[in-house]
Amino acid sequence: MIYLFQILNGIGLGMLYFLLAAGLSIIFGLLQFVNFAHGAFYLLGAYLTYDLVERGVSFWIALPVATLIVAIVAGAIEALLLHRIYKLPHTFHILVTVGIALVFQELAIIIWGPIGGSVPTPDGLGGVVMLGNFIYPQYRLFTIIVTAVMAAGLWWLLEGTRLGAIVRAGSESASNMALLGYNTMRINTAVFAFGAGLAGLAGALAAPIRGVEPFMGAEALSVAFVVVVIGGMGSYTGALVAGLLIGIIQSLMTTIWPQGAQLFIYIAMTAVIAIRPRGLLGRV
């Protein structure tokens, strides 16, 4: 039973990793821009949820509000700053986005303190689901269901809509999109905001499970990069498969060898790179 419990935990954790990595992968696929500030948007989503709940706002309101605020902030950052450095060498991308991440981290310490806090389980999901002798928390099951619906919705958005076709076409040739009359700057801003919003949503959903603390953004960023590398840069399906794989491995290892749970994430990444340098489902 304990291993089944950990596998379900791993699926839930993996789907949160997927949301993180999907946002990072979508941004890279269109903009060819590696966003080292992505973890900061995860942190912001978690802390905004924490702050709103502490002020007496229902979690069910705080969740979409925090996600929307993260998307708006990210869109503003892209429009005012990041679009100016896309054509510069990647070292500038790294320096600027790492700087943004550090600013968010320090702001979290200044505003909410260095200790962090916890977000109570939302109303209606504080109990457990019982299937015979198997007991599982309702909120964790809710997280799995919501992220699975999000995964299906994202797939439909990217593969079955005109907007998705524009994003995919832009990832192949932004210049051709401009020639066809599309405002590539607005598309870039919208996609960046959307990708960051996914990270904010992941942070908001994770807050009742893992709490909040100022350095959670750095951990989220490292995991997101591992998932993207394993799944393949720019691959939506790869991010889903890799997120689940890493989540289950990490969750099982906390039972088998707790000290090595984090280590095995990077062992898995190294093994995949050695066998398939472009990732499991990366573009050839």
Side-chain angles (χ1 to χ4, degrees), residues 2-29 34-43 45-46 94 97-98 101 105 116 140 143-144 147-148 150-151 195-196 198-282:
I2 184 65
Y3 292 110
L4 177 59
F5 184 87
Q6 292 294 10
I7 288 172
L8 280 176
N9 276 349
I11 292 172
L13 190 60
M15 292 303 288
L16 291 176
Y17 290 163
F18 157 71
L19 285 182
L20 260 173
L24 191 63
S25 189
I26 289 169
I27 291 170
F28 178 81
V34 181
N35 178 24
F36 280 83
H38 200 65
F41 299 125
Y42 172 87
L43 177 146
I94 295 170
T97 53
V98 167
Q105 180 178 291
R140 287 181 179 268
T143 301
I144 293 173
T147 49
M150 283 292 300
L198 290 178
L201 175 60
L205 287 170
I209 298 174
R210 313 192 77 173
V212 297
E213 52 90 14
F215 305 100
M216 64 191 298
E219 179 188 353
L221 178 66
S222 65
V223 173
F225 273 120
V226 168
V227 171
V228 169
V229 168
I230 290 176
M233 293 295 284
S235 172
Y236 170 83
T237 308
L240 177 58
V241 172
L244 290 171
L245 177 65
I246 291 301
I248 291 172
I249 288 174
Q250 187 178 25
S251 188
L252 285 174
M253 288 306 300
T254 57
T255 299
I256 300 169
W257 185 29
Q259 297 86 349
Q262 200 72 12
L263 173 64
F264 262 78
I265 292 177
Y266 301 101
I267 290 175
M269 181 182 71
T270 304
V272 170
I273 291 174
I275 298 168
R276 291 182 61 86
R278 294 184 180 272
L280 295 175
L281 297 171

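- Going from atom CD of E213 over to atom CD of E219 covers 7.0 Å, rounded to the nearest 0.5 Å.
- Scanning both residues, A199 and L20, for their nearest heavy atoms gives CB-CD2, 3.9 Å.
- Smallest separation of non-hydrogen atoms from G243 and V227: N-CG1, 3.6 Å.
- Using a distance-only test at 3.5 Å, with no hydrogens or angles considered, no donor-acceptor pair links the side chain of H38 to the main chain of A224.
- Side-chain contact between V241 and F18: absent, with no pair of heavy atoms (C-beta onward) separated by less than 4.5 Å.
- Of the possible polar contacts, one joining the T270 side chain to the Y266 backbone as a donor-acceptor pair under 3.5 Å is found.
- Note that CG of L8 is 12.0 Å distant from OG1 of T143, once rounded to the nearest 0.5 Å.
- Of all the heavy atoms in A242 and G231, the pair that sits closest is CB-N, 3.6 Å.
- The side chain to side chain contact (heavy atoms under 4.5 Å, CB included) test with L252 singles out one residue from T254, I249, I248, and that residue is I248.
- In this structure, L43 and P214 approach most closely via the heavy-atom pair CD1-O, 3.0 Å.
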Verdict with reasoning, N35 to F41, per side-chain contact (heavy atoms from CB on, under 4.5 Å) = CA-CA 11 Å; N35 178 24; F41 299 125; 3.8 Å; yes
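- A heavy-atom distance below 4.5 Å is not found between the side chains of Y42 and L221.
- Within the structure, side chain to side chain donor-acceptor pair (under 3.5 Å) pairs that include any residue of residues 242-251 comprise Q6-S251, Y17-Q250, Q250-Q262 (at least two apart or interchain).
- L240 is listed as a side-chain neighbour of M15, based on a closest heavy-atom distance under 4.5 Å.
- Here L205 contributes atom CG and R140 contributes atom CZ; the two are 12.5 Å apart, rounded to the nearest 0.5 Å.
- Taking both residues in full, the closest heavy atoms of A101 and A40 are given as CA-CB, 3.9 Å, listed atom of the first, atom of the second, then distance.
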key: Verdict with reasoning, L244 to I11, per side-chain contact (heavy atoms from CB on, under 4.5 Å)   = CA-CA 6 Å; L244 290 171; I11 292 172; 4.0 Å; yes
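- Interatomic distance, CZ of R276 versus CD1 of I230, reported as 13.0 Å (0.5 Å rounding).
- With values rounded to the nearest 0.5 angstrom, I209 atom CD1 is found 6.0 Å from L16 atom CG.
- Contact record, V212 with A207: CG1-CB, 4.3 Å, taken as the closest heavy-atom pair.
- Interatomic distance, CG of L24 versus CG of L198, reported as 11.0 Å (0.5 Å rounding).
- Classified by interplanar angle (parallel below 30°, tilted 30° to 60°, perpendicular above 60°), the ring pair F225/F36 is tilted.
- Contact check for I246 versus V226: side-chain heavy atoms found under the 4.5 Å cut-off.
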